[in-house]
Amino acid sequence: MYERWVDAGYFTADAESDKPPFCIVIPPPNVTGSLHIGHAFEHTLIDIMCRRKRMAGFETLWLPGMDHASIAVHALVERALAAEGTSRRELGREKFIERTWEWKAEYGGRILADMRRLGDSVDWTRERFTMDERSNRAVRTIFKRLFDDGLIYRAERMVNWSPEMRSVLSDVEVEHREVEGELVSMRYGDGENAIVVATTRVETMLGDTAVAVHPDDERYTHLVGTEIELPLVGRLIRIVADEHVDPSFGTGAVKVTPAHDPNDFEIGRRHDLPMPTIMDETGKIANTGTEFDGMDRFEARVKVREALAAQGRIVAEKRPYVHSVGHASRGKFEPIEPRLSLQWFVKVAPLAKAAGDAVRSGDVTVHPKELEPRWFSWVDNMHDWCISRQLWWGHRIPVWYSPEGTAVCLGPDEQPPAGYTQDEDVLDTWFSSGLWPFSTLGWPEKTPDLAKFYPTSVLHTGYDILFFWVARMMMFGLYAMDEKPFDTISLHGMVRDQHGKKMSKTVGNTVDPNVWMDEFGTDAVRFALARVANPGTDAPIGDDNVLAARNFGTKLWNVTRFAMTSGASPALPLPSSPTDADAWILGRLREVRDQVDALLEDFQFAKATEALYHFTWDEFCAWYVELAKPQLADETTADGTRAVLGHVLDALLRLLHPISPFITEALWQALTGGESIVVAEWPVAPGADVDVAAARRVTDAQKLITEIRRFRTEQRVPDSRRVPARLVGLDAAGLGAHLESVVALNRLEAAAAGFAPTATLEVALAAGTVQVELDTSDAIDVPAERARLGRDLAAAQKELDQADKKLGNPKFVDKAPADIVDGIRARRAAAEADIERINSRLAALPS
RNA sequence: GGGCGCGUAGCUCAGCGGAAGAGCACUCGGCUUACACCCGAGCGGUCGCAGGUUCGAACCCUGCCGCGCCCACCA
């Protein structure tokens, strides 16, 4: 239930300075005993950014944060105490906190161990930031400053109360959920004065001090200003007229419980109504002077209704009545109770406006931008923030009271006068968390770290934490530092199960990254997570994803092994006259490098990962390595091939390193003899241009090879059989140099004397048609060949029809760009040639 | 009630104005000296529905239908 307490991190980069970017990351804590998948997700993404930046020459730094973990540990401790049959109240504040520190030390170590297992790029140069002296100083400093500026005040307000935690919660900590409740209509007063009101919380009627109607509602005009007796309690309550009431809803009359409903509280203020509190801090009815005192609120809801029914006052009951109820997002997800209470608040309006303006002006960017409206709707409509908590773990409110009740707010270096006692409440964890970007750097002292690292460049976190944490950092950063805390807010989504469903313990579809790490390896988990990480979008992931990622790692391992046993080395000089395959793969490497760089810079982890996956598997392994085999057997190209293999693999491993650090480290060290890939350079674009002609020839060779494979499969020629073949027109198509590859990849052999082909293929390529004569040693399977050619014919015919349709449209020829029209014409011509060729083949087949 | 987003191959998702894609699943064939955690070949989609804009729409606009998330003090 605390699983998503905090998961956040940010890294900073300053492109201006000499050693520009560096990173700060807050390792996400977790309360479930070990790493949570959401944390693994976020951690992985941040680590990818950090590693890449570091390889590109940026200074990196992690700043492990235990601040949030403290709160999480607090919950763990409570749970442990409950298991021991005791409670924090029995234990007492001092002992409880002492106990918590022990847990924190142990638990914090565990979190860090988990992080290391995930392969984080941490420099353990910074002491942990905990609820220590430094963070206390920061909190007290900003509290005092806000207090002196009149931005912190104490007031009796309607707050969200959690009877379970016996504490107040802020608005964001309340989750509204549709529940099936009841709507009970009841009659107050009798005869002429009778008035019917409805409620979903019957027990609150014990605290009613008025009934409100709309001023223009003629049904009740005669009653306004009169008094009526409150059933069960016997108190006289007023009938007031208030604009807030909607005359068209229900009876048009509303019961008013000022101390237990936000709307009623406002009505109470407008009409100067008494505001009796009828519930204690545990949610039990109290001080009503009725038989219901001491009952739990839910029990009272039933009993009060029964008592009213006994008096014949229940007019109607609607059940189930679906309505929205606020629940405590922490703890046991119990319904929160609106309650009048004396609490500390931050006057948010000026702070929030600055936070909104920072994004509006473009000074701070939200990525992806679809989430901007969410930011504005929050920041522009924020209510004052209740910051006091009746918990024991946290920074205490730095306010002291004299015996007479005089309050004084003290800064970090001030001592309270004798006899003063400190406020018992602690601050909302997000209050101190909001200081993170600068308090961890030594603020309020003007430290070199602060000067160097503030403001940061990027904050990366889940969108679920936008309001809790990001908004607070923005407000406090702008207020305390007079400068935004970061340039860019980069948001990722939530990890979902393989069907895109929300992970939930009750559904049982949660996954434990530790189990995955044990089963598939850490790199596989990271790769799988990165591969589904689209900005701001939820990420579905299951065993299959991790399995595929594991297989990818194995593939990488195997291809490196092949390259090394072939003598590949990045230290060898690249060939001065590369083969087509060499030129092609080097060109592709360059393109992929540029693509990956741009994608990662734009937080497109999934696309960058996908690009690397395809390049590695489908281009490098599936084609280049196969084309390289004959090159390695040829003395004239062998050395150059070893160099290209080594060069491409070296760069590829470095490109993959941020995503899968462990395997790339092992392979890269073996391949290059380098000290560590962690400190290797991020690949830079080579100077040479992409060789377009060579690339086209490789594409042709691929097509030729694929067509022959198709034929073999269709004809059920066993893969093991070498097929004598003669290729006609290869030189004319510019593919003379590829003969070896075509022969090797299709398991062909040179035509011997007396070669008598049993079949002939014609493959149309960019630079001409190649005839492939094959001796399959059997009569060919005519129906199969007919079917194959028939499919090709249908495809060509469809192509021709589409082209004809377009070209037959004068408007298309007239208005479409010339290159598009030319392209269609070329396709039409090719399709026509294909049809002619295929038809002649079909005609030549024995019947 | 407001805001954002999504409905594309059996599943999860890319593509967002000029030839329908990937992973997994499925079918068929393979122990080809890196790899069976593999290789090769395939099957599979009127891109939610209806209009509109355009020479051209999965992609832009409008309206519906279904779904998700966030925000919101209606008893």
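Remember, predicted model here, so these are calculated numbers, not experimental data. In the text below, chain A, chain B and the rest are named by the order of the sequence lines, each starting its count at 1.
- Distance CZ (A:Arg791) to C1' (B:C43): 10 Å, rounded to an integer number of Å.
- In this entry the distance linking CZ of A:Phe552 with P of B:C39 reads 12 Å, nearest Å.
- The backbone N or O of A:Asn509 lies less than 3.5 Å from no partner atom in the side chain of A:Asp497, so there is not a single donor-acceptor pair.
- Out of B:A34, B:G23, B:G40, the shortest distance to the side chain of A:Cys621 is found at B:A34.
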* Asked: Hey, mind stepping through A:Asp523 and A:Ile659 against side chain to side chain contact (heavy atoms under 4.5 Å, CB included) and telling me if it holds?
  -> CA-CA 7 Å; A:Asp523 278 351; A:Ile659 303 169; over 6 Å; no

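- For A:His260 (side chain) and A:Ile278 (main-chain N/O), a donor-acceptor pair under 3.5 Å exists by modelled atom type.
- By the side chain to side chain donor-acceptor pair (under 3.5 Å) test, A:Trp161 is found to be paired with no residue, residues two or more places apart in sequence or in another chain being considered.
- Within 4.0 Å (heavy atoms only), A:Arg709 reaches sugar-phosphate atoms of the nucleic acid but no base atom.
- Here A:Lys501 pairs with nothing under the side chain to side chain donor-acceptor pair (under 3.5 Å) rule; sequence neighbours left out.
- With hydrogens and angles disregarded, no donor-acceptor distance shorter than 3.5 Å links the side chain of A:Arg339 to the backbone of A:Met158.
- Residue contacts shown for A:Arg561 are limited to sugar-phosphate atoms, with no base heavy atom under 4.0 Å away.
- Crowding of A:Arg721 atom CZ: a count of heavy atoms from other residues, nucleotides or ligands under 6.0 Å exceeding 12.
- Following rounding to the nearest Å, A:Phe562 (CZ) and B:C35 (P) show an atom-to-atom distance of 10 Å.
- For the pair A:Arg157 and A:Cys386, the minimum side-chain heavy-atom distance is 4.5 Å or more.
- In terms of the ring-ring contact (aromatic ring centres under 6.0 Å, His included) criterion, A:Tyr220 has no residue partners (sequence neighbours excluded).
- In this structure, A:Thr706 reaches the sugar-phosphate backbone alone: every heavy-atom distance under 4.0 Å involves primed, P, OP1 or OP2 atoms, never a base.
- Following rounding to the nearest Å, A:Glu178 (CD) and B:G68 (P) show an atom-to-atom distance of 12 Å.
- When the C1' atom of B:C69 is taken as reference, atom CD of A:Glu175 falls 12 Å away, rounded to whole Å.
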* Kindly determine whether A:Asp634 and A:Glu740 satisfy side chain to side chain contact (heavy atoms under 4.5 Å, CB included), including the steps that lead there. => CA-CA 10 Å; A:Asp634 182 340; A:Glu740 283 300 317; over 6 Å; no

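- Within the structure, salt bridge (Lys or Arg N to Asp or Glu O under 4.0 Å) contacts touching residues 535-546 of chain A (residues at least two apart or in different chains) are A:Arg496-A:Asp538.
- Within the 4.0 angstrom heavy-atom criterion, no nucleotide atom of any strand lies near A:Arg712.
- The nucleotide whose nearest atom lies closest to any side-chain atom of A:Arg531 is, among B:G40, B:G23, B:U32, B:G23.
- By the side chain to side chain donor-acceptor pair (under 3.5 Å) test, A:Asp208 pairs with A:Tyr188, A:Lys255, A:Thr257, sequence neighbours left out.
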* Residue pair A:Leu547, A:Arg550: steps toward the side chain to side chain contact (heavy atoms under 4.5 Å, CB included) verdict -> CA-CA 5 Å; A:Leu547 187 68; A:Arg550 190 272 311 263; 2.9 Å; yes

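- Phosphate proximity of B:C38 to A:Asn551: present, with a side-chain N or O under 4.0 Å from OP1 or OP2.
- A salt bridge does not link A:Asp719 with A:Arg747: none of the charged nitrogens is closer than 4.0 Å to a carboxylate oxygen.
- A:Val532 comes within contact range of no nucleotide atom at all, as no heavy-atom separation falls under 4.0 Å.
- Considering only the side chain of A:His614, B:G23 comes nearest among B:G23, B:G30, B:A34.
- Distance A:Leu547 CG to B:A25 P: 8 Å, rounded to the nearest Å.
- Closest contact between the side chain of A:Lys502 and the listed nucleotides B:C69, B:A41, B:G29 involves B:C69.
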Nucleotide N/O to protein N/O under 3.5 Å, stretch nucleotides 18-20 of chain B:
{"unit_1": "B:A19", "atom_1": "N1", "unit_2": "A:Arg827", "atom_2": "NE", "d": "3.3"}
{"unit_1": "B:A19", "atom_1": "N3", "unit_2": "A:Glu799", "atom_2": "OE2", "d": "3.1"}
{"unit_1": "B:A19", "atom_1": "N3", "unit_2": "A:Arg827", "atom_2": "NE", "d": "2.5"}
{"unit_1": "B:A19", "atom_1": "N3", "unit_2": "A:Arg827", "atom_2": "NH1", "d": "3.4"}
{"unit_1": "B:A19", "atom_1": "N3", "unit_2": "A:Arg827", "atom_2": "NH2", "d": "2.8"}

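- Against RNA chain B, the stretch residues 369-376 of chain A makes heavy-atom approaches under 4.0 Å through A:Glu370, A:Pro373, A:Arg374.
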Pair up each side-chain donor or acceptor in residues 604-616 of chain A with any protein partner under 3.5 Å, not counting sequence neighbours, and list the distances.
{"unit_1": "A:Gln604", "atom_1": "NE2", "unit_2": "A:Asp602", "atom_2": "OD2", "d": "3.2"}
{"unit_1": "A:Thr609", "atom_1": "OG1", "unit_2": "A:Phe605", "atom_2": "O", "d": "2.7"}
{"unit_1": "A:Glu610", "atom_1": "OE1", "unit_2": "A:Arg531", "atom_2": "NE", "d": "2.6"}
{"unit_1": "A:Glu610", "atom_1": "OE1", "unit_2": "A:Arg531", "atom_2": "NH2", "d": "3.3"}
{"unit_1": "A:Glu610", "atom_1": "OE2", "unit_2": "A:Arg531", "atom_2": "NH2", "d": "3.3"}
{"unit_1": "A:Glu610", "atom_1": "OE2", "unit_2": "A:His614", "atom_2": "NE2", "d": "3.1"}
{"unit_1": "A:His614", "atom_1": "ND1", "unit_2": "A:Asp618", "atom_2": "OD2", "d": "2.6"}
{"unit_1": "A:Thr616", "atom_1": "OG1", "unit_2": "A:Leu612", "atom_2": "O", "d": "2.6"}

* To do: For RNA chain B, just give me the dot-bracket, please: Watson-Crick or G-U, both distances below 3.5 Å, ( ) intra-strand, [ ] crossing earlier pairs, | paired with another strand, . unpaired.
  => ((((((((.[[[[.)..(..]]]].(((((.......))))).....[[[[[..)....]]]]])))))))....

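- Within 4.0 Å (heavy atoms only), A:Lys629 reaches at least one base atom of the nucleic acid.
- B:C69 atom C1' lies 13 Å from atom CG of A:Leu466, rounded to whole Å.
- Shown here are the side chain to side chain donor-acceptor pair (under 3.5 Å) partners of A:Asn160, two or more places apart in sequence or in another chain: A:Asp171.
- A:His492 contributes no side-chain N or O that, together with a main-chain N or O of A:Ser490, makes up a donor-acceptor pair within less than 3.5 Å.
- Remark: A:Thr199, A:Thr200 in residues 199-208 of chain A come within less than 4.0 Å of RNA chain B through at least one heavy atom.
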* Asked: In the 5'-to-3' direction, what one-character label does each nucleotide of nucleotides 8-17 of chain B receive under the scheme B = base within less than 4.0 Å of a protein heavy atom, S = sugar-phosphate only, - = no such atom?
  -> ---SSSSS--

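- Looking at heavy-atom distances under 4.0 Å, A:Val625 makes contact with a base.
- The base of B:A34 sits with one of its N or O atoms less than 3.5 Å from a complementary donor or acceptor on the side chain of A:Glu626.
- One can place CG of A:Asn545 at 15 Å from C1' of B:C37, the figure rounded to the nearest angstrom.
- Look at A:Trp617 and you'll find a side-chain N or O under 4.0 angstrom from OP1 or OP2 of B:C39.
- Residue-to-nucleotide proximity on RNA chain B shows that, of A:Val254 and A:Arg722, the 5′-proximal contact is made by A:Arg722.
- Between A:Asp804 and the choices A:Arg828, A:Arg825, A:Arg827, the salt bridge (charged side-chain N to carboxylate O under 4.0 Å, His left out) rule is met once, by A:Arg828.
- Using a 4.0 Å heavy-atom distance criterion, A:Asp814 is classed as making no nucleic acid contact.
- For A:Arg710, whose side chain is taken as the heavy atoms from C-beta onward, the closest listed nucleotide among B:A41, B:U32, B:A34 is B:A41.
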